[in-house]
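So that the names make sense, note that chain A is the first sequence line, chain B the second, and so on, each numbered from 1.
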Protein chains: 2
Amino acid sequence: MKINIPEVHVPRVVIVGCGFGGLELAKHLAKAPVQVVLIDKNNYHTFQPLLYQVSTSGLEADSIVYPIRKIFKGQKNFHYRWGEVLKINAEQKYLETNIGNCNYDYLVIATGTTTNFFGIEGLEEKSMPMKTVVEALNLRSLILQNFEKALLVTDTKERDALMNFVVVGGGPTGVELTGALCELKRHVLPNDYPELDFRKMRVILVESGDRLLSMMNEANRTKAVEYLKELGAEVWLNIKVIKYDGHEITTASGKPIHAANLIWAAGVKGVMIDGFSADVITPAKRLVVDEINRVKGFENIFAIGDIAYMVTDKYPKGHPQVAPVAIQQGNLLAKNIVNLIQVKVTKPFVYFDKGSMATVGRNKALVEIGKFHFGGFFGWVTWLLVHLMSIVGFRNRVITLFNWIWNYVSYDRNIRLIIRPFHRPEEDKPAA
Amino acid sequence: MKINIPEVHVPRVVIVGCGFGGLELAKHLAKAPVQVVLIDKNNYHTFQPLLYQVSTSGLEADSIVYPIRKIFKGQKNFHYRWGEVLKINAEQKYLETNIGNCNYDYLVIATGTTTNFFGIEGLEEKSMPMKTVVEALNLRSLILQNFEKALLVTDTKERDALMNFVVVGGGPTGVELTGALCELKRHVLPNDYPELDFRKMRVILVESGDRLLSMMNEANRTKAVEYLKELGAEVWLNIKVIKYDGHEITTASGKPIHAANLIWAAGVKGVMIDGFSADVITPAKRLVVDEINRVKGFENIFAIGDIAYMVTDKYPKGHPQVAPVAIQQGNLLAKNIVNLIQVKVTKPFVYFDKGSMATVGRNKALVEIGKFHFGGFFGWVTWLLVHLMSIVGFRNRVITLFNWIWNYVSYDRNIRLIIRPFHRPEEDKPAA
């Protein structure tokens with residue numbers, strides 16, 4: 001059965017995924033002589049960099065996600081379908097999805113990445129990933145549920161475990177989430193739970209390598225550790241997690257930690273679609289593409305953003321999996337698809353690296369732009385402005401800004417709501 | 001096993017439920033010589049009158065719910081526990097809950113009401129209730145899911161059913177939801193789904209009685225019907241729903257309607273707790289109470305709000321199940337519990353009826369205050385202000401006000417997000 005999409009007499013470009021790359025590509029095809037079909041299993045675009053603020057009760061979901069149909073309101077050649085792609089049939093040029101088959105002339109894989117647990121024992125079942133809005137909301141619920149439980153238990157070891165937070169992964173996500181958890185500990189939770197002793201609450205950032213924010217220079221990396229320690233976090237470097245049972249975290253150095261909260265932000269892998277041969281898929285499940293993001297060995301199949309693996313002299317290990325790469329690739333591919341249709345020469349991708357930034361807490365952020373690097377309040381304001389302006393939609397910006405000002409002034413986080421209690425599949429759902 | 005709550009040497013008042021009544025009671029006991037224990041299965045208070053705006057993508061959940069612990073921040077004698085009460089053991093004066101047992105000196109049942117399907121065939125399984133935030137979010141998802149599906153189906157009868165909305169119940173909830181659905185049809189959905197013919201979308205309000213808003217006078221009741229028709233709704237009076245299979249609604253008058261969306265707002269019943277004998281429970285599962293809200297036959301068990309059934313000369317059929325009654329009863333019971341403790345005379349409850357109001361759409365509302373009644377723009381503004389000021393928390397008021405202004409000016413509803421797709425239990429969860 002075919003998906004019901006108007007048949008027109010221009011080439012059909014099917015884009016799978018409405019992340020930063022897919023969104024940019026579809027927008028820039030607005031005036032191109034093509035029909036754009038965007039398929040995403042979510043009817044909204046997610047601003048992933050702020051997911052950690054949803055997890056920590058600082059922002060509600062609607063401020064960082066935006067309805068796809070609203071983004072493309074009025075774009076005549078655009079068609080969105082709410083569905084999930086299952087398989088690619090490259091010979092006959094069509095996709096199999098859960099809502100039917102969809103033929104294409106040009107196919108762009110922009111499915112991004114998902115959490116990579118590296119097959120470590122117990123992680124997938126017991127740890128919390130934070131790559132989607134639903135995962136962030138589940139984490140928000142679990143954090144609050146565990147404090148409600150901590151009030152009830154009398155066994156101190158169990159109570160400590162419920163109040164211990166271990167974040168694994170020293171990248172921006174891990175650092176930012178760790179900072180946010182420290183601020184919950186300092187300013188918010190003690191008011192909510194006066195019966196609990198928050199000197200007992202531990203926030204530990206665990207990194208298997210020897211550094212945090214490895215994309216930054218040494219000065220900023222050192223400052224990141226300082227900032228986290230000032231906020232009360234423990235930073236454990238060169239420590240590998242090898243097992244988790246939901247209560248105890250086993251590490252390679254033999255140092256076990258008791259924690260009911262393990263947030264895994266230590267790796268990603270591409271969201272692969274069936275139909276590609278092994279030789280175009282990297283170990284991290286990325287698709288090998290050429291300099292115009294064309295998947296190796298295919299005429300009309302492309303991959304952009306985190307899932308694309310493009311090797312250049314400057315990036316012998318592939319490009320970094322960050323939003324700017326996805327946006328720039330989406331932008332360029334729009335032009336190149338038109339070039340291909342009009343049999344003109346295509347333009348190879350060259351990544352313009354604007355730099356990187358991470359925030360740790362109020363007045364504490366790290367910014368790196370080319371040779372310049374700075375932090376502190378100025379860095380923090382820079383981080384706020386850049387992120388605020390990157391959020392899709394004026395309304396969302398206003399709501400986010402208001403929440404940020406409110407949280408800053410009140411030292412509070414208002415959205416500590418257990419709207420859908422989180423239960424691991426194997427658990428019996430309690431009445432509450 | 002007992003719930004872990006500090007034992008103190010003052011009487012313990014246990015309140016079950018943090019709706020309008022329980023919230024008001026707990027607040028007014030702040031300075032009373034008692035320990036207040038509040039148990040609710042949600043860690044937040046819900047402003048139910050605006051649930052319909054969450055269902056129709058106008059407001060996000062966090063603007064109408066508020067964390068219980070934040071409300072009572074700093075109230076020394078207050079203890080909240082996240083749990084669900086299962087059974088009352090009146091002889092030994094303790095509650096059985098899913099988190100342990102809890103003894104009490106005074107017990108107040110403020111559990112409110114839930115949807116009453118009256119055992120009508122298929123309703124509980126196939127229709128959508130809207131009494132909780134989760135139910136409102138599920139409805140929001142279902143509405144959007146069905147339009148996504150409507151795009152895919154080619155069978156016109158099936159497509160029409162997906163685009164038909166039947167709201168049953170002519171009270172404020174039914175009227176307000178019907179109006180909001182009409183505004184989605186007029187201003188929002190056609191932009192999202194240019195491929196669909198919205199002349200086909202029907203919004204039908206079905207009421208088994210001969211009138212809408214029966215608590216209002218005839219002028220306002222007539223105006224309500226006019227307003228709804230102006231907005232494009234069909235109003236069916238004197239029509240009883242007797243069966244629903246998820247596609248077709250069977251009515252007593254034999255007139256069937258094809259609709260995949262049936263929202264049931266036609267009745268409530270008390271959220272009863274085991275342990276009461278039949279003679280204190282009314283057919284609508286309300287608890288018979290005396291003039292100080294004491295449950296008939298009990299010394300120290302009370303019921304307030306929607307679940308309390310108090311008969312007076314002025315209200316021979318019990319008091320209306322509205323927020324003001326709950327708030328006034330909670331307020332008075334706080335004083336009376338202190339009176340009982342101090343062996344002083346108690347004060348009987350007298351309901352001060354401030355009037356009633358309902359909004360149908362932009363610039364269209366109906367207000368009734370004593371002998372005065374008015375509608376139109378002035379009524380609408382009155383409705384907005386009264387509701388805005390009733391929302392708990394300044395932040396929530398600002399966010400709600402901003403969203404209202406935004407929605408009013410832009411004719412838009414921004415939160416059309418399928419964050420958690422809704423699936424009926426018996427359905428297989430599709431991949432998307």
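- Residues Glu195(B) and Arg81(A) are paired through a salt bridge, judged by an N-O separation under 4.0 Å between the basic side chain and the carboxylate.
- Taking the side chain to side chain donor-acceptor pair (under 3.5 Å) definition, one finds that Asn101(A) meets it with nothing, sequence neighbours left out.
- Of all heavy-atom pairs between Val153(B) and Asn4(A), the closest is O-ND2, 4.0 Å.
- Summarising the geometry, atom CG belonging to Asn396(A) is positioned 8.5 Å from atom CD1 belonging to Ile415(B); distances are rounded to the nearest 0.5 Å.
- Considering all non-hydrogen atoms of both residues, Leu417(B) and Tyr44(A) come closest at CD2-CB, 3.7 Å.
- At a 4.5 Å heavy-atom cutoff, the contact between Val133(B) and chain A is made by side-chain atoms alone.
- The line from CG of Leu151(A) to CD1 of Ile5(B) is 9.5 Å long, rounded to the nearest 0.5 Å.
- Of the inter-residue distances, the one linking Glu60(A) atom CD with Ser63(B) atom OG reads 8.0 Å to the nearest 0.5 angstrom.
- Of all residues in residues 67-78 of chain B, those placing a non-hydrogen atom less than 4.5 angstrom from a non-hydrogen atom of chain A are Pro67(B), Arg69(B), Lys70(B), Lys73(B).
- Although no hydrogens or angles enter the test, the distance criterion places a donor-acceptor pair under 3.5 Å between the side chain of Asn43(B) and the main chain of Arg416(A).
- Of the possible donor and acceptor atoms, none in the side chain of Asn414(B) sits under 3.5 Å from a partner among the backbone N and O of Gly393(A).
- With a 6.0 Å radius and a threshold of 12 heavy atoms from other residues, nucleotides or ligands, Lys87(A) has its NZ atom above the threshold.
- Residue with the most contacts toward chain A among Tyr66(B), Phe394(B), Tyr193(B), Tyr80(B): Tyr193(B) (heavy-atom pairs, distance under 4.5 Å).
- Contact annotation for Ile3(A): only side-chain heavy atoms (C-beta onward) come within less than 4.5 Å of a heavy atom of chain B.
- Proximity of Glu148(A) to Ile99(B): side-chain heavy atoms (C-beta onward) are nowhere separated by under 4.5 Å.
- Counting heavy-atom pairs closer than 4.5 Å to chain A, the top-ranked of the candidates Asp40(B), Val65(B), Val398(B), Asn42(B) is Val398(B).
- Taken to the nearest 0.5 Å, the CD1 atom of Ile418(B) stands 4.5 Å off from the CH2 atom of Trp82(A).
- The distance from the OG1 atom of Thr132(B) to the CD1 atom of Ile419(A) is 10.0 Å, given to the nearest 0.5 Å.
- Proximity to chain B (any heavy atom under 4.5 Å) is shown, for Val188(A), by neither the backbone nor the side chain.
- Two residues are said to be in side-chain contact when any heavy atoms from C-beta on lie closer than 4.5 Å; Leu137(B) and Arg420(A) meet this criterion.
- Proximity to chain A (any heavy atom under 4.5 Å) is restricted, for Asn403(B), to the side chain, taken from C-beta onward.
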